[in-house]
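In what follows, a structure is listed as C-alpha cells, so that the remarks can point back to it.
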Amino acid sequence: PLRTFLKERCKSGKFTLDEANFFFNEMICMSPRPPISSFNVLLGALCKKKHYNLVIFFFERLVLTELLPDIFTFSILINCFCNENRVCDGFVVLGRILRMGLMPDSVTFNTLIRGLCMEGKLTEATALFKGMAAFDCMPDVITYGILIDGHCKAGSLDKVKELFFDMKARGISPNYVIYTCIIHGCCCEGNLEEATSLFAEMVDQDVQPNIVTYSCIIDGLCKSGSMNKAMEMFSEMKRRNINPDVISYSTLIDGFCRAGNLEEAKSLFAEMGDRGVRPNTFSYNILIRGYCQNGKVDEAMTLYGEMMAEGFRPDVVTYTTLLTGLFSAGKVGDAQKLFHVMQLDGCEANIVTYNTLLHGYFEYNEKSKIIELLCKIAKTNLAPD
RNA sequence: GUGUAAGAUAUA
C-alpha cells in the first residue's frame with residue numbers, strides 16, 4: 001500500500017521505477033490528494049536514486065494539478081537540475097520560488113552553490129555564498145563544505161585555506177567532512193605532508209576520521225608510491241573498527257597494480273571477497289587495468305569473462321581499458337573484435353574510447369581504419385578533444 | 001513525516 005511505500009521503501013530506496021510510476025499516478029489521482037510532503041518523499045527518494053529527469057518530469061505533472069509545491073519540493077527539483085549540470089534551470093526555479101512568495105532557505109542556497117561549483121563557476125558560487133545573507137540565510141558547515149570541496153577540485157588550495165580560516169572565525173567548527181575534503185584536495189596535489197598533518201589535526205581536535213577520510217589518505221599515499229604507509233593506514237583503520245568497503249579495497253588494489261605488484265593486488269581482491277565485501281564494476285576495471293599494464297592482457301580478458309559470469313556488467317571503462325591493453329600487446333585484430341562486441345553489448349563508446357582506437361590504429365598505421373573512425377565520430381554527438 | 005556537502009577505475 002501507499003503508506004508503507006512512502007514510509008519504508010522510499011526511505012530504504014528499495015523500489016523499482018515501475019513502482020514509483022505506479023504510486024505517483026495513484027497519488028496524483030487520489031481525492032483528496034495526499035499532502036505535498038508525501039510527494040516530496042517520493043521525489044526525494046527518486047533523486048537519491050539519481051533519476052533526476054524523472055523527478056523533473058513528475059514535478060511538471062505535479063504542478064498541472066492544483067497542488068502547491070513547497071520549499072522542499074523546489075529544493076529537490078533544484079538539486080535534480082544541478083545534478084544534470086543544469087544549474088541555470090536551478091536558478092529559474094529560484095525565481096519561481098520568489099514569485100510564489102516562498103522563502104528560499106539555506107538548503108536551497110547550498111544546493112545552488114553546489115550546482116555552480118560542479119560546473120566550475122566558482123566566482124558565481126562565491127557571490128551566492130555572500131548573497132544568501134540578504135535572504136536571511138546564513139552559511140552553515142555544509143555551505144562551507146560545498147565551497148571548500150569546489151575549490152579543492154578546482155585546485156585552489158589557497159582559497160580553501162581562507163575558507164577554512166573564515167569558517168572558524170565565524171564560529172563554525174570544521175567537521176569530519178570539511179577535514180576530509182581538504183585532505184582529499186591536498187592528496188590530489190600530491191601534498192601528502194599537509195594531508196597527514198591535517199589528519200593529525202583532526203584527531204587532535206576530536207574530530208574522528210571516518211572511512212572516507214581513510215580512503216583519501218590511503219589513495220594519496222598509493223598515488224605517491226608509498227604502499228607501505230598506505231598499508232599501515234589500512235591496518236590502522238581496521239584496528240579502529242572501521243570496516244574497509246569496496247572503495248577502500250579498490251584504492252589499495254589500484255595502488256599495488258600501479259606499483260607492478262599484481263600478487264598483492266590479487267590477494268587483496270581475494271581478502272575483500274573473504275570479508276564479504278562485494279566487488280563492483282569499478283574494482284574489476286582496476287584489476288583489469290592492472291593486468292593490462294603489466295603485460296597480461298590474456299588474464300585481463302579472462303577477468304572480463306569472470307566479471308560477466310559473476311553478473312557484473314562491463315562498462316565503457318572496462319572496454320576502453322581492454323582495448324588499450326590489446327593494442328599495446330599488438331593484438332590489433334582482437335581489439336577490433338572487442339570493439340564490435342562492445343557495441344553488440346549495447347555499450348556506447350565515448351570520446352575516450354575513440355581516442356584509444358585512433359591512437360591504436362595510428363600506432364599500427366591503419367590509415368583506412370582511422371578515416372572510418374573519424375567518420376563514425378562525426379556521426380555521433382561526441383565532441384572531439 | 002520530506003530537501004543540501006566528502007573517497008577508488010580507462011585514451012592522449
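Reckoned from all heavy atoms, side chains included, excluding hydrogens, waters and symmetry mates. Order of the sequence lines sets the chain letters (A, B, ...), proteins ahead of strands, with each chain counted from 1.
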Quick one: label [X] by what it contacts on the DNA or RNA (base, sugar-phosphate, nothing), any heavy atom closer than 4.0 Å.
X        : value
A:Arg3   : nothing
A:Thr111 : sugar-phosphate
A:Ile247 : base
A:Leu287 : nothing
A:Asn350 : base
A:Ser248 : base
A:Thr251 : sugar-phosphate
A:Thr143 : nothing
A:Ser215 : base
A:Val41  : sugar-phosphate
A:Asp140 : nothing
A:Thr321 : sugar-phosphate
A:Thr108 : base
A:Ile211 : base

Exercise. Do the side-chain N or O atoms of A:Lys11 get closer than 4.0 angstrom to the phosphate oxygens (OP1, OP2) of B:G3?
Worked result: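 Result: no.
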Tell me whether the centres of the aromatic rings in [X] and [Y] are closer together than 6.0 Å.
X        : Y        : value
A:Phe24  : A:Phe5   : no
A:Phe269 : A:Tyr249 : no
A:Phe327 : A:Tyr361 : yes
A:Tyr319 : A:Tyr304 : yes

Is it the case that [N] (base atoms only) and [X] (side chain only) share a donor and an acceptor within less than 3.5 Å, ignoring hydrogens and angles?
X        : N     : answer
A:Asp315 : B:A10 : no
A:Asn280 : B:A8  : yes
A:Thr180 : B:G7  : no
A:Asn40  : B:G1  : no
A:Asp70  : B:G3  : no

For this session: Verify the stacking flag for A:Phe282 against B:A8: centroid separation must be under 5.5 angstrom and the ring planes must differ by under 30 degrees.
Result: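 One would call A:Phe282 stacked on the B:A8 base.
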Problem set entry | Lys/Arg cation over aromatic A:Phe15: A:Lys49, 6.0 Å, 45° cone |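 Yes, A:Lys49 lies over the aromatic ring of A:Phe15.
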